[in-house]
Amino acid sequence: QVQLVESGGGLVQAGGSLRLSCAASGRTFSRDAMGWFRQAPGKEREFVASISWSGSSIYYADSVKGRFTMSRDNAKNTVYLQMNSLKPEDTAVYYCADAGDIYSVKYDLEHEYEYWGQGTQVTVSS
């Protein structure tokens, strides 16, 4: 059974930083593309970032480009999202996702992921 467990969320002031982690288990993580999505209150879930199995290809939503950095450590079965210069509009529940056996390029769509975590709340105060 695949499990994705996010951690690192919390309350931070605007301009601050947080680092999210997502620990994966239950399959060969090192072969999977991974992604981060977020859902703000009253809004649809949206793409934040994705990373290929090797870490050589990383894509970001325009809204976070230059502020967020996604990375992975295949030895630890963990992906990370370093979030800097946070803004109140970054407030959302952040979800980690595993593409499993689905092949794509950018992995910026929800249907390109087979497995999802439960999410971690990020709140940015102004």
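Just so you know, these numbers come straight off a predicted model, no measurement behind them. Note that the numbering runs from 1 along the sequence shown for the chain. Side-chain atoms are counted along with the backbone in the values below, which use heavy atoms only and exclude waters and symmetry mates.
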Exercise. If you measure from CZ on R38 to CD on E44, what distance do you get to the nearest 0.5 Å?
Worked result: 14.0 Å
Exercise. Can you tell me if Q13 and S125 form a side-chain donor-acceptor pair at under 3.5 Å?
Worked result: no
Exercise. What's the verdict on salt bridge (charged side-chain N to carboxylate O under 4.0 Å, His left out) for D62 and K65, showing C-alpha distance, side-chain angles and the deciding distance?
Worked result: CA-CA 5 Å; D62 288 343; K65 203 171 293 184; 3.1 Å; yes
Problem set entry | Charged tip of R45 within 45° of Y95 ring normal and under 6.0 Å | yes
For this session: Tell me, with the steps shown, if S63 and K87 meet side-chain contact (heavy atoms from CB on, under 4.5 Å).
Result: CA-CA 10 Å; S63 59; K87 305 175 181 179; over 6 Å; no
Seminar exercise, completed: On a heavy-atom basis, the closest approach of S126 and P88 is CB-CG, 3.9 Å
For this session: Take Q118 and V5 through the side-chain contact (heavy atoms from CB on, under 4.5 Å) test and state the conclusion after the steps.
Result: CA-CA 7 Å; Q118 293 299 306; V5 180; over 6 Å; no
For this session: For R27 and D101, run salt bridge (charged side-chain N to carboxylate O under 4.0 Å, His left out): C-alpha distance rounded to whole Å, both residues' side-chain angles, the deciding distance at 0.1 Å, then the answer.
Result: CA-CA 10 Å; R27 61 177 282 117; D101 295 323; 3.1 Å; yes
For this session: If you link ILVMFWY side chains whenever their heavy atoms are less than 4.5 Å apart, which other residues fall into the same cluster as L109? By chain and number, please.
Result: none
Exercise. Between the side chain of Y107 and the main-chain N/O of I102, is any donor-acceptor distance below 3.5 Å?
Worked result: yes
Exercise. Ignoring hydrogens and geometry, is there a side-chain-to-backbone donor-acceptor pair from R72 to A33 under 3.5 Å?
Worked result: no
Exercise. Taking R67 for the side chain and S85 for the main chain, is one N or O donor matched with an acceptor at less than 3.5 Å?
Worked result: yes
For this session: Taking S50 for its side chain and G35 for its backbone only, find out whether a donor-acceptor pair lies under 3.5 Å.
Result: no
Problem set entry | Over all atoms of both residues, closest heavy-atom pair of T78 and S21 | CG2-CB, 4.3 Å
For this session: First locate atom CG of D98, then atom OG of S25, and finally report the distance between them rounded to the nearest 0.5 Å.
Result: 10.0 Å
For this session: Look at the side chain of E6 and the backbone N and O of C22, then say whether any donor-acceptor pair between them is shorter than 3.5 Å.
Result: no
Problem set entry | Side-chain donor or acceptor of S54 paired with backbone N/O of S56 under 3.5 Å | yes
Problem set entry | Linked hydrophobic residues, I58 as query - side chain contacts closer than 4.5 Å | V2, L4, V12, L18, L20, F29, M34, W36, V48, I51, Y60, V64, F68, M70, V79, L81, M83, L86, Y94, Y115, V122, V124
For this session: Please answer whether the main-chain N or O of F37 pairs with a side-chain N or O of E46 as donor and acceptor at a distance below 3.5 Å.
Result: no
Exercise. Quick one: does Q82's side chain get under 4.5 Å of S71's, heavy atoms only?
Worked result: no
Exercise. Do any N or O atoms from the side chain of N74 and from the backbone of W53 form a donor-acceptor pair under 3.5 angstrom?
Worked result: yes
For this session: Measure across Y113 and A97 and return the closest heavy-atom pair with its distance rounded to 0.1 Å.
Result: CD2-CB, 3.4 Å
Exercise. Do the side-chain N and O atoms of T123 and Q121 include a donor-acceptor pair separated by under 3.5 angstrom?
Worked result: yes
